[in-house]
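Letters A, B, ... are given to chains in the order of the sequence lines, protein chains preceding strands, and every chain is numbered from 1.
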Amino acid sequence: MDGGMTLPGLTLDIISLARLMPMYLSLTEDGRIAEVGPTLAKLLPKDAAGQDFFALFEISRPGNVRDMAGLAARTGDRLHLVRRDESRTSLRGLAVPLKGGQGMLLNLSFGITVAEAVRDHDLTDADFAPTDLAMELLYLIEAKTAVMGELRAMNRRLEGARSEAEERALTDTLTGLRNRRALDLALAELVARGQPFGLMHLDLDWFKAVNDTLGHAAGDHVLRMVAGVLRAQTRAGDTVARVGGDEFVILLPGLVDAERMRIIAARIIARLEEPMDYQGVSTRVSASIGMAASTAYDRVLGDRMLADADSALYEAKRQGRGRAELHVPD
Amino acid sequence: MHGLLNRSIQGFLRRTYGEAVWHDVAARAGLGPDGFEAMLDYDDNLTDRVINAAALRLDRPRDALLEDLGTYLVSHPDLERLRRLLRFGGTGFVDFLHSLDELPDRARMALPELELPELDLNEQRPDRFRLMCKSPLIGAGHVILGLLRAMADDYGSLAVLEHEGSWPEGEIIRIDLLDPRFSEGRRFDLAGVA
């Protein structure tokens with residue numbers, strides 16, 4: 001303690017003090033408010049002078065500072081204060097003793113809650129001392145909001161462009177096969193051209209077991225291998241599309257002969273049933289195939305053929321999987 | 001030049017002259033119709049091409065167009081936030097003028113990669129200032145001129161501003177302050193926009 005020492009002092013009138021520290025507060029020995037800086041005064045009732053400081057403010061940190069003795073014991077420490085009113089404005093600052101035991105002087109600031117305080121108490125830039133970084137903090141809050149706004153707008157634009165691109169995309173990103181949209185386009189084109197074609201709807205068997213036991217990475221690997229088999233077993237002009245998790249559709253222009261379709265389907269199934277290696281683990285899947293030929297219809301409709309191939313696929317599954325069934329018109 | 005600056009030029013052309021003009025300008029400058037992205041960096045030449053294309057398309061002198069851009073930046077309601085950020089510079093117009101030196105630093109505080117023109121204020125008399133403006137964009141001084149004219153109005157100050165030409169070390173703007181408190185000016189509410 002420096003109680004015995006006399007240090008040199010400065011004398012300052014309260015107008016200068018208010019300029020230096022517009023949020024100062026001086027307290028009498030018995031804890032009553034003597035003088036209030038002009039900015040801090042905006043937070044207080046008009047008749048604040050003479051009132052008990054501890055009735056107007058709560059010292060939230062450090063704890064147990066409830067009177068002048070407690071405050072004096074915390075000389076120079078960082079204090080957190082809360083205004084006891086509905087605004088609950090939070091302040092921070094420090095308290096130092098005035099000369100000759102004439103009470104204490106506090107200098108307060110808003111800290112990071114300055115933006116709310118400015119709003120709640122209608123403060124202006126003239127309320128802050130030029131040394132106070134409050135304006136810079138407010139500036140930064142606004143600048144950050146502006147930058148975030150730009151970033152959000154940019155993200156929205158990019159997201160829009162991405163979904164548009166995705167919508168326009170014709171490729172299944174996992175396997176590199178055609179996607180559902182590409183299939184629909186190719187199917188519509190075949191129907192429009194009136195060219196005879198065969199359609200196969202292929203669904204993997206036991207694929208869920210691979211996913212469940214070895215994980216999704218293994219599942220993705222198997223799907224890529226399957227894609228490779230389908231590409232290898234079809235011709236360049238055929239359309240091979242992945243239309244669902246483990247569902248594929250193949251369009252075979254010019255191929256409508258039931259026997260040839262069965263042979264191709266059997267070959268595909270046989271190749272798919274060969275063990276596939278995933279990180280040293282051998283996995284096996286099979287496939288069921290439902291088929292339809294455009295020549296079986298008087299009037300060819302793409303959706304109808306897809307639905308019939310789907311029924312045939314269901315029949316193939318029902319008959320024990322790992323086999324192909326051709327839709328037979330009624 | 002930073003995308004944010006390029007995007008303000010794009011916004012200025014679109015809002016002031018319409019979508020069709022912007023599309024022409026973008027096409028002439030070799031830019032897609034979507035234009036600039038705010039958070040990307042662009043070659044300075046591209047900015048120059050856009051401004052030249054706009055001047056040509058609108059049949060306006062380049063300097064006048066740039067000055068309009070400066071005025072737009074402060075006075076268009078959609079850019080209220082930018083006006084506010086500028087108003088943070090000072091409580092009055094003179095105070096604001098003195099804050100221009102630190103404008104590039106303030107901008108970097110918000111966006112480290114944002115390069116604004118270097119501004120250097122010289123107070124020659126209490127009512128006469130000369131501002132040196134240095135930027136890779138030729139004619140940036142005219143943008144600053146338009147911006148300062150609008151800011152003087154914003155603060156309610158009466159000032160005469162003039163572009164005194166380009167020198168190797170930058171462009172010079174003369175500011176004669178006739179009446180710092182000429183009118184009410186526009187309100188600056190610290191609490192800000194919602």
For this session: Show your reasoning for whether side chain to side chain contact (heavy atoms under 4.5 Å, CB included) applies to A/T39 and A/H121.
Result: CA-CA 9 Å; A/T39 303; A/H121 304 287; over 6 Å; no
For this session: May I have the step-by-step check of ring-ring contact (aromatic ring centres under 6.0 Å, His included) for B/Y155 and B/F188, ending in yes or no?
Result: CA-CA 9 Å; B/Y155 277 107; B/F188 178 55; 8.2 Å; no
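In this structure, A/Y139 and B/F88 have perpendicular ring planes: the angle between them is above 60°, well past the 30° mark.
Ion pair B/E80/B/R83 flagged as a salt bridge, since at least one NZ, NE, NH1 or NH2 atom sits closer than 4.0 Å to an Asp/Glu carboxylate oxygen. Salt-bridge formation is not detected for the pair B/D153/B/R149: no Lys NZ or Arg NE/NH1/NH2 atom is positioned less than 4.0 Å from an Asp or Glu carboxylate oxygen. Of the charged side-chain nitrogens involved, none lies within less than 4.0 Å of a carboxylate oxygen, so that A/R152 and A/E159 do not count as a salt-bridged pair.
Listed in order of number, the residues of residues 41-59 of chain B that approach chain A to under 4.5 Å between heavy atoms amount to none.
The shortest non-hydrogen separation linking B/P117 to B/P104 is O-CG, 3.4 Å.
For chain A, the nearby part of B/L111 is the side chain; its heavy atoms alone come within less than 4.5 Å. Neither the backbone nor the side chain of A/A115 comes within contact range of chain B; no heavy atoms are under 4.5 Å apart. When heavy atoms are compared at a cutoff of 4.5 Å, B/R7 approaches chain A solely by way of its side chain, counted from C-beta outward. Neither the backbone nor the side chain of A/D127 has a heavy atom closer than 4.5 Å to any heavy atom of chain B. Contact of B/L4 with chain A is made through the side chain alone, with heavy-atom distances under 4.5 Å. Contacts between B/L40 and chain A at a heavy-atom distance below 4.5 Å involve the side chain alone, from C-beta outward. With a 4.5 angstrom heavy-atom cutoff, A/L140 touches chain B only via side-chain atoms.
Comparing A/L151, A/D122, A/L158 by heavy-atom pairs within less than 4.5 Å of chain B, the highest count is held by A/L151. Counting heavy-atom pairs closer than 4.5 Å to chain B, the top-ranked of the candidates A/L123, A/L138, A/D120, A/T145 is A/L138. Most heavy-atom pairs under 4.5 Å with chain A, from the set B/L114, B/T91, B/L85: that is B/L85.
Side-chain contact check for A/N155 and A/R157: no donor-acceptor pair (N or O, by modelled atom type) lies under 3.5 Å. A side-chain N or O of B/E123 and one of B/H98 form a donor-acceptor pair less than 3.5 Å apart.
Of the residues listed (A/L105, A/D52, A/L71), the one engaging A/L27 in a side chain to side chain contact (heavy atoms under 4.5 Å, CB included) is A/L71, and it is the only one.
Surrounding CZ of A/R162 are at most 12 heavy atoms belonging to other residues, nucleotides or ligands under 6.0 Å away.
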